Amino acid sequence: MKRKLLATLLCASMVLGLAACGSSAGSDSGATANTSGAGDAQATTTTDDGASTDAAAIDTSEHVKIVYMTTGGAPDPASSQTDEMLEQLNAILTEKVNAELEIYYIDWTDYLANYNLTIAQMDGSIDLIGTASDWLDAWPNAKKGAFLPLTEEMLQTYAPKTWESVSAEHWDLCKYNENIYLMPEDNYAQWTNHGYAYRLDWAKEAGLADGVQSWEDLTTYFKYVKEAYPDVIPWDSDGTQYGQMVGGWITSHSDYVSIDGINSGAMWGGSKDDLYTVYSPYVTDTDSLVAFAEMMKEWDEIGVWKTDVLNNTASDNREDFKIGRVAAEQHHTQTWTDLCSHKEGYTIYDDDEDAETGFFYFGQETGNVVALSITHGAMAVSAASNNPERALMVYDLLRNDPECYALFNYGVKGVSYDINEDGMRFLPEGYNSATDSITTNFWWGRNDDLEIKDATMNWDAIEDLYAEYDSIKIDYPYGQFVPNVDSIQSKIENINEIHTNYMKQIAFGKYSGTAEEIVAEYQEALKSAGIDDVTAELQAQFDALYK
Amino acid sequence: MAKNKDLDLMESGSKVKIGISDMIIRGFGYFFVTLYALACVFPFLIIIGTSFTSETVIRAEGVKLIPKEATLQAYEMVVHGGLIWKSYGLTITLTLCGTLLGLSIIAMTGYALQRKDFPLRNGISFYIYFTSLFSAGLAPYYLLMTQTYHLKDSYFAVFLPLLMSPWLIILMKNFVKAIPHEITESGKIDGAGDMRIFIDLILPMLKPALATIGLFLALGYWNEWYQSSLFLSSRIAVKPLQFQLYKVVNEAQALKNSVAGQYVSVSDIPTESLKMATAVLATGPIVFLYPFVQKYFIGGITVGAVKG
Amino acid sequence: MGKGKAVAASATGGKKKRGIRETLWKYRTLELMCLPAIIFFFMFSYMPLPGIYVAFVNYNYQGGIFGSPFIGLQNFQFLAESGKLFELTKNTILYNLAFIILGNILAIFVAILLNEMRSKWFKKVSQTMMFLPYFISQVLVGILVYNLLNYDYGFVNTILVKLGLEKWGPYSDPTVWPVLLVIIHLWQQTGYNSVVYFAAIMGIDAEIIEAAKVDGANGFQKIRYIILPGLRPTLVILLLFAMGGIVKGNFGLFYNVVGTNSILFPTTDIIETYVYRAATTEFNFSRASAVGLYQSIIGFIMVMISNFVVKKIEPDYSLF
């Protein structure tokens, strides 16, 4: 009896095991089947699409699903507002181009890994890919064949508005090997050049009537804050800021324009009047670096940061700035636009009605401002897409159609946002960000022509600064340069390590000996790590591309 | 309990006199083992303590063993929305199904491969063992799973690869080895088929093996995060517990160190106490499994002492 | 049995063939019992194998593994020339050596002490406690370590501050990690390993121990002359098998504890973590696979050697 029972149990457990697991994942495999089914159907469309392009008559008779891949987590399953927005949006998209949109989110956890692995599947499950040449691998991906080359005819036919709105020069910047791969987000004011946000009212108290205009003014400001507001840490920096600090110093004291994406220190570039001769200011600008080292030692002695700054990896400086515990924040202009606006929880503005937040941007002294690469955000079409034409049509609407744009970026009007009498955006009564916000992470085609301004932002100050930038900026010149670092990777890694080790000491004034000695030692180490070889190799690649 | 201990001492003492050296060793033993055992448990206590501490206190005063004022805030946040319970359901389902199915297959295979009269046993053993020597690596595996098997965003991508491993099969073989061959022979004489012999005669003798290997399998499923991180995208809302934990922990890290940070507001980054509460909930039950199988498990390890 | 032999002996070639088929048929149940496992390993271990080819190409998305341009040994050449291969191998092997040597010493130590305990209750409770770390996921290990050691509010630093000492920042100091990782590994594994040795001690003939006691051997002598020699076979076997896996790193531990903290890579990057990063974040399938293949080959050789030695010493324990 017992044996029989055991036998039955064993068999039952196997069957159960299979069945139960089958059912638990059942809904899921159903979904997979769905997509692959759609894939088959789409494959047939693709084959006869070739003909339809020639005919210039766009065949949208078949309803298709376009999947758009973006970084950033999916909305909380408890919040249905994104789905609601998509429903309305898809109604419009179906009517206009007979397509619907689905968003494929790549969680922030390990996002680079999952992003690249998902692209590598190449099974037609993704159509539109949000990408970037600086913080995602747009060019390496294009080089490795992940993106579909977009011909001018395709863009003219399927994304006409986008084609028109992007200038010929900008399209040129999106080419690799004569083919366009990216549709750039090039009409969206977004300044990510770094600088110091500081308390303008305190700077005025310190005798700087026009606010901070130079690094020397910063020294004055920090000294004043330390004395006048003993409870305030002038700048609770963490130990990772050294790269931005020295980079900012060099930008402020030369015409250096760095090449992005070689190493985090951005240690190679050209100068404004000679863009295509590569050099590294970290080797050539010795006097400037010595001056920097001296000033930072002074800052350290003033007590600008905590004495254990080098071990501080997670300070809450930005949050502390909002509530007046620190007097400066080093980050980019976008961050400052937030900090200078009187938003909820920014108690400095509640506590002191004179409080103002100014911005000292790197390059202010020399007018050396380089606009963000237009491919900081861009949209590409997957090379494995079964419906590249329809994907382009959908993107064209998302980017250029006012109704689609507002829906996709702000959500359903009256629920996720509302518009006041000035035509600005505000949050409606009873708005709950947990349930009423939408998550589309559309950072690959925002458009200032269709943007609705946020009523909580301090637009007077922001627009003044933007206008100042626009008058002096140059476009990022190296957008197309895709460095091939294979042969110099190990040298670059060694240089990174040297840069980190020395610059941490230099930028926080924690070196022993004189400024001249430490800079000389640093440069010596860079040279023996082969920095000149890297410069020469980059120059050779520059010559191949630009000459 | 103390009484027992004295009794033990007296007993051994009555046989042979306890020398001074024995006393030293024993005294040091109690001291060291106690200390070591406490060190094993200690980090868990800190986590539990932290999970009951409010975020502001953590930031201000650091992590402590016993929170000044206990708060359930973090737990309320984790439980909020009920997603964690769904993760529980998923993990328990995966663990149960995977352990039962895996155990069945491993037991059958282990038995067959240990049958001395089975001519294919060396061939198949090597076929299985070879896979632990040579693997194709991450990239081909990923492409196969997604492109050929279409297992992206499917729970099967997590379920299937953990069913068995060469090592577990070798372990099972070692267990079966300990069962006298005569039992199989006697079954044959009675005219029973191989399956019948296996189920009726062999399985009942494999209890320690089943407990041990079952525990390994269950741990494998319960602690799974790697396959999930490769194959379950955000299309799958309900994720296995450890992967959920992995996400909560690593999200903040990923955002802090990258340009992407500019796109996320600080309030969306998980707090320390939230991480700890998730950790406590995600780990919980598996820890309590051990006392139930301890008896078999220790016996089990003994047989399978040699890891393949 | 004898009858079967006779049949086989008188069989002609044709009959022999049928003999094989008959044998296959005769053991069909056992074959079927193995079938699920055979299918499993075919699907998940053998199917990916041809993909190793990716280590010899310059992978691109459209070509896939077999359509990308063949570049021979260039991936290996790069890795060797950049010094990466040497560094990774060195890290992996040194960590494993430390894990193996210290791990076994500590496990034997704990097992011997446990054996001296007279209280069953104490043994049971302490073993349960020591097993706890073995039961948790590597994700949780990462959290535990971070919670103890992080600079801002970690437990250790909370204590240091209370004592008026300076804070300690291991997460920005690569030099301390070899020690820390070894400790973490020991913490997690010793509970398990000590049981193995504990069992081995139990296997030593109790009469020998009693006899020694009667002969007047003291506690230390007993350990030195009876228990330790008694553990030697187990130790030797375990060591040899560990040697076979000397180039295989503990990915879960290293990845969850160190993560993407590149400051720590110089001392903590092992083959597995490099392969993972190269394949995913740097997206160099080919290079990642080249390192993986290199590891497999070295690992294969090591296993063959150790198995050969085991076979010489204890044929019963050899793997094949």
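All of these numbers come straight from a predicted model, not from anything done at the bench. The chains referred to below are lettered A, B, ... by the order of the sequence lines, with proteins before strands, and numbering in each begins at 1.
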Look at [options] and state which one has the largest set of heavy-atom pairs under 4.5 Å with chain C.
options                       : result
B:T109, B:L113, B:I25         : B:I25
B:I46, B:T50, B:L38, B:V41    : B:I46
B:Y142, B:F130, B:Y149        : B:Y149
B:Y36, B:F42, B:Y141          : B:Y36
B:L163, B:L160, B:I169, B:I24 : B:L160
B:G137, B:P43, B:A107         : B:P43

Given heavy-atom pairs under 4.5 angstrom as the criterion, report whether the side chain, backbone, both or neither of [X] touches chain C.
X      : result
B:A282 : neither
B:D117 : both
B:F118 : both
B:T34  : both
B:I47  : both

Which bit of [X] is near chain B, if near means a heavy-atom gap under 4.5 Å: side chain, backbone, both or neither?
X      : result
C:L186 : backbone
C:Y197 : neither
C:A37  : both
C:L32  : neither
C:I159 : neither
C:T190 : both
C:I223 : side chain
C:Y255 : side chain
C:L148 : side chain
C:N150 : neither
C:F122 : side chain
C:S126 : both
C:K124 : both
C:I65  : side chain

Name the option with the most non-hydrogen atom pairs under 4.5 Å to chain B; the candidates are [options].
options                       : value
C:Q138, C:M43, C:M47          : C:M43
C:G154, C:A279, C:S45, C:P133 : C:P133
C:G299, C:A288, C:G51, C:S296 : C:S296
C:P48, C:G245, C:G292         : C:P48
C:M129, C:M202, C:Q188        : C:M129
C:N256, C:V110, C:L293        : C:N256

What are the two closest non-hydrogen atoms of [X] and [Y], and how far apart are they?
X      : Y      : answer
C:L49  : B:S135 : CD2-C, 4.2 Å
C:P36  : B:M108 : CG-CE, 4.1 Å
B:S165 : C:F41  : C-CZ, 4.0 Å
C:V195 : C:Q127 : CG2-NE2, 4.1 Å
B:L245 : C:I143 : CD1-CD1, 3.6 Å

Query raised in the report: Taking C:Y192 as the fixed residue, which of C:Y134, C:F198, C:W187 is the one that meets the ring-ring contact (aromatic ring centres under 6.0 Å, His included) rule?
Result: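 The passing option is C:Y134.
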Looking only at atom types and distance, does a side-chain atom of [X] sit under 3.5 Å from a main-chain N or O of [Y], one as donor and one as acceptor?
X      : Y      : value
B:W222 : C:S137 : no
C:N218 : C:Q221 : yes
C:E22  : C:K26  : no

Query raised in the report: Between C:K222 and C:E116, is there a side-chain N and carboxylate O pair less than 4.0 Å apart?
Result: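 C:E116 and C:K222: salt-bridged.
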Query raised in the report: Hey, is B:R115 close enough to B:D194 for a salt bridge, meaning N to O under 4.0 Å?
Result: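 Here B:R115 pairs with B:D194 in a salt bridge, since their nearest N and O are under 4.0 Å apart.
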**Report entry** Audit row: C:Y27, B:L120, side-chain contact (heavy atoms from CB on, under 4.5 Å) steps and yes/no
**Finding:** CA-CA 9 Å; C:Y27 291 101; B:L120 293 177; over 6 Å; no
Query raised in the report: Quick one: ring pair (Phe, Tyr, Trp, His ring centres under 6.0 Å) partners of B:Y226, sequence neighbours excluded?
Result: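 C:F251.
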Query - ring pair (Phe, Tyr, Trp, His ring centres under 6.0 Å) partners of C:Y46, counting only residues at least two apart - result: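 C:Y46 satisfies ring pair (Phe, Tyr, Trp, His ring centres under 6.0 Å) with B:Y127 only.
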**Report entry** Validation row, ring centre B:W225 to ring centre B:F243 under 6.0 Å
**Finding:**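 No, they do not, as the ring centres are separated by 6.0 Å or more.
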Query raised in the report: Is the number of heavy atoms from other residues, nucleotides or ligands under 6.0 Å of B:F31 CZ greater than 12?
Result: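 No, CZ of B:F31 has 12 or fewer neighbouring heavy atoms, counting only those of other groups under 6.0 Å.
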Query raised in the report: Would you call B:Y246 and C:L140 a side-chain contact if the rule is heavy atoms closer than 4.5 Å?
Result: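 The answer is no; the side chains never approach within 4.5 Å.
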Query - Parallel, tilted or perpendicular: ring planes of C:F131 versus C:F135, cut at 30 and 60 degrees - result: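 Correct class here is perpendicular.
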